[in-house]
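In what follows, a structure is listed as structure tokens, so that the remarks can point back to it.
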Amino acid sequence: MIRPFRRVLFQMIMVTCWSLALYGSNPNVAAQQSGKTEVPEVSVQTLQQRDVTLTRELPGRASAHLVSEVRPRVTGTILRRVFREGSLVEAGDVLYELDPTPFEAAYRNAQAALQRAESAVPSARARFDRYQRLSTANVVSQQELDEARTQLLQLEADVAAATAAVETARIELAYTKIVAPISGRVDGSAVTQGALVTQNQAQPLTTIRQHDIINVDLVRSSASLLALKALTSNSAKSSEKFVTVELKLEDGSRYPIPGKLQFVGSSVSQSTGMVSLRAEFPNPDGTLMPGMYVRALIEEGSVENSFLVPQRAVSRNPRGQATARFVNGEMKIEERILTVDRIIGNSWLVTAGVTEGDRVIVEGFQRAGVGRQVRIKDVIVEDQTGELRDVQQASAPSREPRRDAQDLARSPTPSLQ
């Protein structure tokens with residue numbers, strides 16, 4: 001019984017040794033074991049000071065630059081509608097024609113009354129001149145001379161009143177042709193041929209809106225305006241040129257033509273705590289329509305010698321403080337507390353906690369803890385898209401420059417001050 005047991009034990013020992021020899025000679029296993037001792041690699045971005053343009057995104061509604069509700073100036077019956085609904089009209093174009101028959105008759109009646117008043121003036125003037133000559137010889141009394149003068153003045157006043165009546169009749173006759181007061185796009189007609197309309201009625205016949213220029217009404221909290229003034233007094237600079245405004249449409253696309261800020265409200269709403277702003281945009285293609293919801297990007301100024309840290313590198317500790325991990329000169333990881341101001345693109349504007357040349361970890365910080373030695377890979381995080389690219393790829397010249405970068409280069413530095 002003992003010999004078979006020894007034989008089995010010997011066989012098990014040989015099998016174990018043979019397995020260990022095979023395991024040690026396997027290159028994959030050896031590589032795995034050697035990999036455990038390798039230094040982990042992290043991707044870092046080197047921070048550099050730059051001048052950062054400050055922007056603010058505000059909600060708003062588009063409205064027509066000019067709006068005219070067309071109403072009749074006289075009472076009458078519509079003979080025909082001249083314009084085509086939804087078309088573009090110019091100021092002075094005829095929109096409606098009213099029945100001019102009664103107004104033509106009133107105009108002729110006023111002209112006849114004027115002729116009657118004018119016909120009585122010559123005899124009254126001749127009588128006054130004759131009495132004036134005779135009064136010097138005491139042939140007529142002073143009372144008769146005064147009566148002749150009064151009669152002449154009354155007749156001249158009748159002529160003036162008749163002239164005004166003729167002008168009124170002419171104006172009312174002209175009002176039978178209802179014209180466009182402004183240039184723009186006309187809405188649908190509220191009346192048809194044969195409808196009776198009254199002077200200055202409440203319901204407009206149609207509405208004209210000027211679309212080549214569009215106003216955008218914005219609102220902003222008073223607290224943000226105070227914060228902007230504080231930032232400007234400390235580190236931000238602003239030019240004295242007009243404030244540039246860009247638009248984001250409802251589908252997220254960018255409106256290609258920048259606008260200008262027209263005014264900032266002088267009071268704060270007691271119910272909402274908001275301040276009203278208005279921007280003006282050219283609209284040659286009619287892309288912007290009144291009532292459209294938009295988001296405006298207002299450039300407020302620029303901050304010199306500031307740092308942008310990618311959002312993907314910043315986290316929050318249990319106290320809610322912004323933190324980021326860096327690779328120091330000893331190639332070890334350290335964690336710092338940052339002071340962040342606002343989000344710009346895909347980065348944080350950091351006002352404290354970083355210096356020129358710091359290497360912030362943007363990828364791979366979960367591979368090693370604080371104090372661990374690491375290897376670094378230099379990358380750049382795109383501000384607009386948040387994409388991660390190698391330094392060699394980022395430094396290569398692009399064949400087609402970004403359109404938004406070209407627009408930004410052409411835009412002047414704005415200010416709300």
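Please read all numbers here as calculations on a predicted model, not as lab measurements.
- In terms of heavy-atom proximity, Ser135 sits nearest to Leu145 at OG-CD2, 3.8 Å.
- Nearest heavy-atom pair across Ile214 and Ala62 is CG2-CB, 3.8 Å.
- For the atom pair CG (Leu247) and CG (Leu218), the distance works out to 8.0 Å, reported to the nearest 0.5 Å.
- Within the 4.5 Å cutoff, side-chain heavy atoms of Gln151 are placed close to those of Arg127.
- Here Phe83 pairs with Tyr96 under the ring pair (Phe, Tyr, Trp, His ring centres under 6.0 Å) rule; sequence neighbours left out.
- Here the closest heavy-atom approach between residue Val121 and residue Leu155 is recorded as CG2-O, 3.9 Å.
- We find that Arg80 and Glu97 are joined by a salt bridge, their nearest charged nitrogen and carboxylate oxygen being less than 4.0 Å apart.
- The CD atom of Gln321 sits 11.5 Å away from atom OG of Ser315, with the distance rounded to the nearest 0.5 Å.
- Partners of Arg71 under the salt bridge (Lys or Arg N to Asp or Glu O under 4.0 Å) rule, at least two apart in sequence or in another chain, are Glu69.
- Counting only heavy atoms from C-beta outward, the side chains of Arg254 and Lys248 approach each other to under 4.5 Å.
- In this structure, the separation between CD1 on Ile213 and NE2 on His65 is 5.0 Å, given to the nearest 0.5 Å.
- Side chain of Thr163 to main chain of Val159: a donor-acceptor pair is present (N/O by atom type, distance under 3.5 Å, no hydrogens or angles).
- Nearest heavy-atom pair, Val245 versus Ala296, reported as atom, atom and distance to 0.1 Å: CG1-CB, 3.8 Å.
- Glu356 contributes a side-chain N or O that, together with a main-chain N or O of Gln49, makes up a donor-acceptor pair within less than 3.5 Å.
- A side-chain donor-acceptor contact under 3.5 Å links Gln201 to the backbone of Gln203.
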Could you go step by step and tell me if Val360 and Val44 meet the side-chain contact (heavy atoms from CB on, under 4.5 Å) rule?
-> CA-CA 5 Å; Val360 62; Val44 298; over 6 Å; no
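- For the atom pair OG (Ser183) and CG (Leu66), the distance works out to 9.5 Å, reported to the nearest 0.5 Å.
- Enclosure of atom CZ in Arg316 by more than 12 non-hydrogen atoms of other residues, nucleotides or ligands within 6.0 angstrom is indicated.
- Taking the side chain as every heavy atom from C-beta outward, Val186 and Ser87 approach each other to under 4.5 Å.
- If you check the side chains of Thr206 and Ser189, you find no donor sitting under 3.5 Å from an acceptor.
- Side chain of Asn215 to main chain of Ser63: no donor-acceptor pair is present (N/O by atom type, distance under 3.5 Å, no hydrogens or angles).
- Residues Val89 and Leu95 meet the side-chain proximity criterion, which asks for heavy atoms closer than 4.5 Å.
- Side-chain contact between Leu98 and Leu79: absent, with no pair of heavy atoms (C-beta onward) separated by less than 4.5 Å.
- Contact check on Glu156 versus Arg125 returns a salt bridge, with a Lys/Arg side-chain nitrogen under 4.0 Å from an Asp/Glu carboxylate oxygen.
- Side-chain contact between Pro204 and Val70 is absent, with no heavy atoms from C-beta onward closer than 4.5 Å.
- For Arg116, the CZ atom is loosely surrounded, since the number of other residues' heavy atoms within 6.0 Å does not exceed 12.
- The minimum heavy-atom distance between Ala91 and Pro181, with the atom names listed, is CB-O, 3.9 Å.
- Of all non-hydrogen atoms in Ala169 and Tyr107, the two that sit nearest each other are CB-CA, 3.5 Å.
- When only modelled atom types and interatomic distance are considered, Gln210 and Asp212 share a side-chain donor-acceptor pair under 3.5 Å.
- Asp129 contributes no side-chain N or O that, together with a main-chain N or O of Ala126, makes up a donor-acceptor pair within less than 3.5 Å.
- Side-chain atoms of Arg209 do not come within 3.5 Å of backbone N or O of Arg185 as any donor-acceptor pair.
- Identified under the ring pair (Phe, Tyr, Trp, His ring centres under 6.0 Å) test for residues 302-334, with sequence neighbours left out: none.
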Carefully, step by step, assess Leu277 and Val219 under the rule side-chain contact (heavy atoms from CB on, under 4.5 Å).
-> CA-CA 6 Å; Leu277 300 88; Val219 290; 5.8 Å; no
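- Residue pairs meeting the ring pair (Phe, Tyr, Trp, His ring centres under 6.0 Å) criterion with at least one member in residues 182-221, sequence neighbours excluded, do not occur.
- Residue-environment remark: CE (Met331) exceeds the threshold of 12 foreign heavy atoms within 6.0 Å.
- Between the CD1 atom in Ile208 and the CG atom in Asp187 there is a gap of 9.0 Å [rounded to 0.5 Å].
- Under the side chain to side chain donor-acceptor pair (under 3.5 Å) criterion, the residue pairs touching residues 171-180 are Arg73-Tyr175, with sequence neighbours excluded.
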Arg278 and Asp217: CA distance, side-chain angles, deciding distance, salt bridge (charged side-chain N to carboxylate O under 4.0 Å, His left out) verdict | CA-CA 5 Å; Arg278 174 170 292 176; Asp217 297 320; 2.8 Å; yes
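- How far OH of Tyr131 is from CD of Gln142: 13.0 Å, rounded to the nearest 0.5 Å.
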Kindly determine whether Arg149 and Asp146 satisfy side-chain contact (heavy atoms from CB on, under 4.5 Å), including the steps that lead there.
-> CA-CA 5 Å; Arg149 181 186 293 108; Asp146 293 340; 3.0 Å; yes
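- Glu147 pairs by the side-chain contact (heavy atoms from CB on, under 4.5 Å) definition with Gln143, not counting sequence neighbours.
- Taking 4.0 Å as the cut-off between side-chain N and carboxylate O, Arg295 and Glu250 do not count as a salt-bridged pair.
- A 4.5 Å side-chain heavy-atom check between Leu288 and Leu249 finds at least one atom pair inside the cut-off.
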Do Val216 and Phe281 pass the side-chain contact (heavy atoms from CB on, under 4.5 Å) test, and can you show the C-alpha distance, the side-chain angles, and the key distance before you say yes or no?
-> CA-CA 8 Å; Val216 176; Phe281 288 84; 3.7 Å; yes
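- In summary, the side chains of Asp158 and Gln154 do not present any donor paired with an acceptor at a separation below 3.5 Å, with no hydrogens or angles considered.
- Between the side chains of Asp285 and Thr287, no donor N or O sits under 3.5 Å from an acceptor N or O.
- Panel note: side chain Arg359, backbone Asn328; a donor-acceptor pair is recorded below 3.5 Å.
- Side-chain contact check for Pro72 versus Ile78: every heavy-atom pair is 4.5 Å or farther apart.
- Of the charged side-chain nitrogens involved, none lies within less than 4.0 Å of a carboxylate oxygen, so that Glu334 and Arg325 do not count as a salt-bridged pair.
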